[in-house]
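First up is the structure itself, then whatever we jot down about it.
Within every chain, numbering begins at 1; the chains are lettered A, B, ... in the order of the sequence lines, protein sequences first and strands thereafter.
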Amino acid sequence: MILDKSYEPKKVEDKWYKVWEEKGYFEPSFDKNKPKFSIVIPPPNVTGVLHIGHALNNTIQDVLARYKRMDGYDVLWIPGTDHAGIATQNVVEKEIAKEGLTRQALGREKFIERVWQWKERCGNIIIDQLKKLGASCSWSYQRFTMDEGLSRAVKEVFVNLWKEGLIYRGDYIINWCPRCGTALADLEVEMRETQGKLWYLKYPLEDGRGFVVVATTRPETMLGDTAVAVNPEDERYKALIGKFLVLPLIGRKIPIIADKSVDPEFGTGAVKVTPAHDFADFEMAKRHNLPLVKVIGEDGFMTEEAGPYKGLERYEARKKVLEDLKTQGFLEKEEDYKLILGHCYRCDTVIEPLVSKQWFVVTKPLAQPAIAAVEYGFIKFIPENWTNLYFDWMRNIRDWCISRQIWWGHRIPVWYCKDCGETIVSKEEVVERCPVCNSEKVYQDEDVLDTWFSSALWPFSTMGWPEKTETLTTFYPTSVLVTSFDIIFFWVARMIMMGIHFMGQIPFQKVYIHALVRDEKGQKMSKSRGNVIDPLLMIEKYGSDALRFTLIALAAQGRDIKLSEARIEGFKHFINKIWNASRFVLMNIEPESAEVEIAPAKLPLWHRWILSELQRTVKKVREKLEEFEFDQAAMEVYHFFWGKFCDWFLEVAKVYLKKEETKLQTQKVLLEVLTTCLKLLHPFIPFVTEEIWAYLPKKDTEHIIKTNYPVFKEHLLDELAEEKVQFLQELTIGIRNIKAEYGLTAKTDLKVFYHCSEDQYLNLLSQENEVIEFLAKVKKIEGVKQHTKNKGEVSYILSKGEVLINLENLIDLEKEVQRLTKEKEKLESKLKQIEKKLSNQEFLEKAPKEVVEKEKGAYQEFKDRLKVILRYIEDLQKN
RNA sequence: GGGCGGAUAGCUCAGGGGGAGAGCAUCGGCCUUACAAGCCGGGGGUCAGAGGUUCAAAUCCUCUUCCGCCCA
């Protein structure tokens, strides 16, 4: 059967994906005899679309899954999506806004209904896109964080943590997004430097004896000041500690306190303390028992406490406050100042720190074993430099604010009794009566849980926990987690904490942190920059395999990927190359070749060589895959396939295929090498390999996905063949070089001499001259032991001997002298280097013997070559 | 301010103590029936700078400069 002239991914990709899925190849077998390999997908947002980061992330997982599956493992790869509370709610809010609706107008129940509708409509988009990419997920395990089972796990965890005293509710300062109308965890706030101003405010002393000047970037919060603090060591203010100030505009009496946390270098050294709206001030207030005055509300508008400023939006209030301070003489000066402001990671609104009643998880006791698990090496980060980042964060972890004032998410399983005030924490769906006073006036907490709360349970909730399922006993802990560094805190660390706490076991043995995909200039891809590369468009244009191979080939550990469309196009050429090489092999295969046994001893030199090189490739690829160096694994096959198999062996094979006595074994070797390469490549480029597999005359499984990954066969290594072929290649390149330099086309009939004093090389040539003549496209090559150089001859010096071509009057003497002189100079500089080494006594004494021997060998070789070159140059110049 | 990473060919990057590599780009020649998405050949680098360790440094150590990212 003959393949089409070029590979067209669009014709085959969907077809093969369907076959794989229908045959159930992605599903685990629970075969007791097989080693286990499991991964849980980092669940993408249910309403999201596949971006290039997902493409990389899932390609890596797929490479691992397919490789392990082929290597005899029972593989479970759990896919699924995340409900992404705030993000999804925002999307749906925008959607209903088009109908002139707000979620408040719709009401909680109706709104949630709309979100579910949205999820049903769009939730599968990203799943289908993963399939386009070729992801071999175990789809029967597909989960969604709001599924019934996972919701049950969430409740279970919440209730248990509460019972253990690891969840509490209280009034604390938190990050508040006035636009989303919810609290955020510290992590969900993005800090960015912003150009702002520093205002110097004058607070008069109560006794009328002057002022204390404080500097602030947020003058509107002065309405909520409950103290002014100075450093206890600050001589300027020592005398004032304990005295009182009168807060301008408001007239409240506030004390001057001493606190070590105050930086005397900042501003005037005296700072205003607004415990309800600043994290540091909140802590300070706790230390000094200061009251909290909340002047900015959850809506971003000023509260009752703000007196005359009540009802003003926070930035309006700032303007007004500054105006009033100025007119009343309390504003000393203002200067430009760079400050760092928190922004909501979902909507980018400037965060308002404020005191509010929220739910928290006590993290220290959970973090401790999670740190230990990594310290003791039960969990390994790859590359390992991420370990430190993990430790840093875990050792300084703060309690985790888990309540969100939105509607889309897991509702907090807590009810309150209106009559007796009891807090009821329950796994029940509905609580109707207060267990303490039996009142029916119970109501559920309005808040939902942070989305990451449910994600933290993902490795075991997806496997059916809290049930003791077979999946859990078989596949937990998972083998590896594949993700990017930006969610190490959000997700990875929290999974480790929850996994250890609830399963008594780590959730995964390895964490492979891959690169971030950037654009060709190294900038983060974003819609607003307009520099996104859409993976689906790339699949459409170049095929899934080309995209996958590009991502893998560029994904070196510890470095970001700079991706451009041109790279994908480039690797598409490789896919096509594989196609065409296969086409060649299949065109030349006859059924009889199937019966041939590969007996290395009986094979021609080149055959032994390619099989040997193939084995080296198999070994390397396996090693690199085990080390998570996917780029190098991919490039190993790439170089072998293109640089050795296609460039050399396929050409050589053309000679052997013509001869009756070598025809069949050559066919066999061609097929063997091709088949092995396809297997090696399948995890990277599943579609094209599966398609070609379908055309192979003889194969061990119906589909390549089910075949065994190639195993290194040491007995096929043949160093002698490698050395010989290396020499033959050098010889071939020498001839081609001369031909190219003199513009001789394939059609010129040329006779070439190979001159060498050593019999072994002459013998080798006499055995292989037919192949070399074909490769170098010359009529005749003859080895000679003795040779007197003819005037019209051009030469090319090899490591052993030299190539000579008689060009008669075609020769360009000047050019030839130039060429040889260049060669001469190269050799001389190399010789100089080696001479320097060899004349160094210490080198001879201290360097390892092999190194010294190698240098000596090289010295001799270069010396010989130089001698020949010098003689030739001299000859040429005589004319 | 603290931490991490990077600086190697025009571009994108591998390499990580012993003769500077790949892909793309470039130049020259080829429609040689697997492939012009290709083949053949060539040019191109004081491996950021300065010190040090070593017989030997692109590679290890120190410092400097510049560029990213993370945290405060």
Side-chain angles (χ1 to χ4, degrees), chain A residues 2-7 186-187 190-191 279-280 340 383 385-389 391-393 396 485-486 488-489 515-516 518 520-524 542 546 550 553-564 566-567 569-588 629 631-632 635 638-639 642-643 646-647 650-651 653-654 670 674 732-747 774-777 819 822 826-827 829-831 833-834 836-848 850-852 854-855 857-859 861-862:
Chain A
I2 292 178
L3 269 51
D4 289 346
K5 216 173 164 186
S6 65
Y7 174 59
D186 300 335
L187 275 178
E190 281 177 11
M191 295 304 206
F279 283 87
I340 292 160
N385 40 337
W386 295 108
T387 316
N388 281 332
L389 185 77
F391 284 145
D392 259 18
W393 189 67
N396 299 307
F485 74 89
D486 48 343
I488 290 179
F489 305 145
L516 224 59
R518 298 172 180 281
E520 56 210 300
K521 291 180 204 111
Q523 291 187 309
K524 219 168 168 169
Y542 306 106
T550 309
L554 298 183
Q557 277 185 18
R559 201 192 268 258
D560 288 342
I561 297 178
K562 284 184 204 156
L563 186 71
S564 69
R567 306 302 301 261
E569 198 184 353
F571 280 110
K572 191 199 166 189
H573 298 172
F574 177 56
I575 307 295
N576 195 52
K577 187 77 180 176
I578 296 168
W579 181 261
N580 276 293
S582 306
R583 183 166 182 258
F584 172 80
V585 172
L586 291 170
M587 278 166 74
N588 285 287
E629 294 186 321
D631 58 319
Q632 294 185 40
M635 290 318 281
Y638 180 99
H639 285 126
W642 201 320
C646 292
D647 287 351
L650 288 193
E651 294 305 312
K654 287 173 187 171
L670 279 170
L674 175 67
T732 307
I733 289 167
I735 301 170
R736 285 171 177 170
N737 178 280
I738 296 174
K739 289 183 63 188
E741 292 272 329
Y742 279 89
L744 307 171
T745 64
K747 282 170 186 135
F774 177 78
L775 290 175
K777 309 283 180 230
R819 204 171 59 85
K822 207 169 173 189
K826 261 194 210 164
L827 276 175
S829 88
K830 276 185 183 169
L831 270 169
Q833 279 177 32
I834 300 177
K836 205 175 134 196
K837 277 189 187 175
L838 290 177
S839 61
N840 183 342
Q841 202 53 39
E842 282 185 293
F843 172 73
L844 297 174
E845 282 164 19
K846 294 186 182 169
E850 312 88 74
V851 176
V852 178
K854 207 174 143 198
E855 292 295 325
Y859 182 76
E861 184 197 314
F862 290 152

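Because its NZ or CZ atom is both nearer than 6.0 Å to the ring centre of A/F774 and within 45° of the ring axis, A/K777 counts as a cation-pi partner of that residue.
Atom-to-atom distance recorded for A/C646:SG and A/L674:CG is 9.0 Å, nearest 0.5 angstrom. Atom CD of A/E190 sits about 14.0 Å away from atom CD1 of A/I340, to the nearest 0.5 Å.
Listed nucleotides B/C40, B/A72, B/C35 differ in distance to A/I340; the shortest reach to its side chain belongs to B/A72. Of the candidates B/G23, B/C55, B/C35, the closest approach to any side-chain atom of A/P848 belongs to B/C55. Of the candidates B/C55, B/A34, B/G18, B/A34 carries the atom nearest the A/F584 side chain, counting heavy atoms from C-beta on. The side chain of A/N737 lies closest to B/G41 when the candidates are B/A20, B/U12, B/G41. Minimum atom distance to the side chain of A/A847 is reached by B/C55, of the listed B/G38, B/G41, B/C55. Nearest nucleotide to the side chain of A/A740, out of B/G41, B/C35, B/A37: B/G41. In the set B/A34, B/C55, B/G23, B/A34 carries the atom at the smallest distance from any side-chain atom of A/A581. Out of B/G42, B/C70, B/G38, the shortest distance to the side chain of A/E741 is found at B/G42. Comparing atom distances between the A/R736 side chain and each of B/G41, B/C55, B/C70 picks out B/G41 as nearest. Taking only side-chain atoms of A/L650, from C-beta outward, the nucleotide of B/A34, B/C55, B/C35 with the closest atom is B/A34.
Of all nucleotides present, only B/C4 satisfies the Watson-Crick or G-U wobble test against B/G68, with each distance under 3.5 Å. In this entry B/A9 has no Watson-Crick or G-U wobble partner, no candidate having both defining distances under 3.5 Å. Across every strand in view, B/U46 sits unpaired, with no contact that passes the Watson-Crick or G-U test at under 3.5 angstrom. Pairing partner, B/C39: B/G29, with both Watson-Crick or wobble hydrogen-bond distances short of 3.5 Å.
The side chain of A/W642 contributes an N or O atom lying less than 4.0 Å from OP1 or OP2 of B/C39. The phosphate of B/A56 (OP1 or OP2) has no side-chain N or O of A/K836 nearer than 4.0 angstrom. OP1 and OP2 of B/C35 both lie 4.0 Å or more from every side-chain N or O belonging to A/H573. Distances shorter than 4.0 Å separate none of the side-chain N or O atoms of A/Q632 from OP1 or OP2 on B/A22. Proximity of A/K5 to the phosphate of B/A34: no side-chain N or O atom is located under 4.0 Å from OP1 or OP2.
With both ends at atom P, the span from B/C55 to B/G3 equals 33 Å, rounded to whole Å. Between the P atoms of B/C60 and B/G15, the separation comes to 12 Å (whole Å). With C1' as the reference atom, B/A48 and B/C40 are 37 Å apart, rounded to whole Å. The same atom, C1', is picked in B/U12 and in B/G1; the two are 34 Å apart, to the nearest Å. B/U32 and B/A20 have their P atoms separated by 39 Å, with the value rounded to a whole Å. B/C47 and B/C39 are spaced 32 Å apart, taking the P atom of each and rounding to whole Å. Comparing B/G45 with B/A25, their C1' atoms sit 16 Å apart, to the nearest whole Å. Separating the C1' atom of B/A57 from that of B/G17 is a span of 6 Å, rounded to the nearest Å.
Here the P atom of nucleotide B/C70 and the CG atom of A/N388 are 18 Å apart, to the nearest Å. Atom CG in A/L670 sits about 15 Å away from atom C1' in B/C35, given to the nearest Å. In this structure, CE of A/M191 is placed 17 Å from C1' of B/G3, rounded to the nearest angstrom. Look at CG on A/N580: it is 14 Å from P on B/U33, rounded to the nearest Å. Whole-Å rounding puts the A/M635 CE to B/C24 C1' distance at 11 Å. Rounded to whole angstrom, the span from the CG atom of A/L674 across to the P atom of B/C35 amounts to 16 Å. B/U32 atom C1' lies 14 Å from atom CG of A/D647, rounded to whole Å. Between A/N396 atom CG and B/C70 atom C1' there is a gap of 14 Å when expressed in whole angstrom units.
The aromatic rings of A/W642 and A/F574 lie parallel to each other, their planes meeting at an angle below 30°, with 60° marking the opposite boundary.
A donor-acceptor pair under 3.5 Å is absent between the side-chain atoms of A/K830 and the main chain of A/Y859, judged by distance alone.
Across all strands, A/E855 comes closer than 4.0 Å only to sugar-phosphate atoms, never to a base (heavy-atom distances). Looking at heavy-atom distances under 4.0 Å, A/N840 makes contact with sugar-phosphate atoms alone, never a base. Residue contacts for A/S6: at a heavy-atom cut-off of 4.0 Å it reaches a base atom on one of the strands shown.
Sequence order on RNA chain B of the closest nucleotides to A/G570 and A/K837 puts A/K837 first from the 5' end. Map A/F571 and A/N576 each onto its nearest nucleotide of RNA chain B; the residue landing nearer the 5' end is A/F571.
Under 4.0 Å is where a charged nitrogen must lie from a carboxylate oxygen, and between A/K654 and A/E651 at least one such pair does.
Here the closest heavy-atom approach between residue A/L650 and residue A/F584 is recorded as CD2-CD2, 3.8 Å.
If you run ring pair (Phe, Tyr, Trp, His ring centres under 6.0 Å) between A/W386 and each of A/W393, A/F485, A/F391, only A/F485 comes through.
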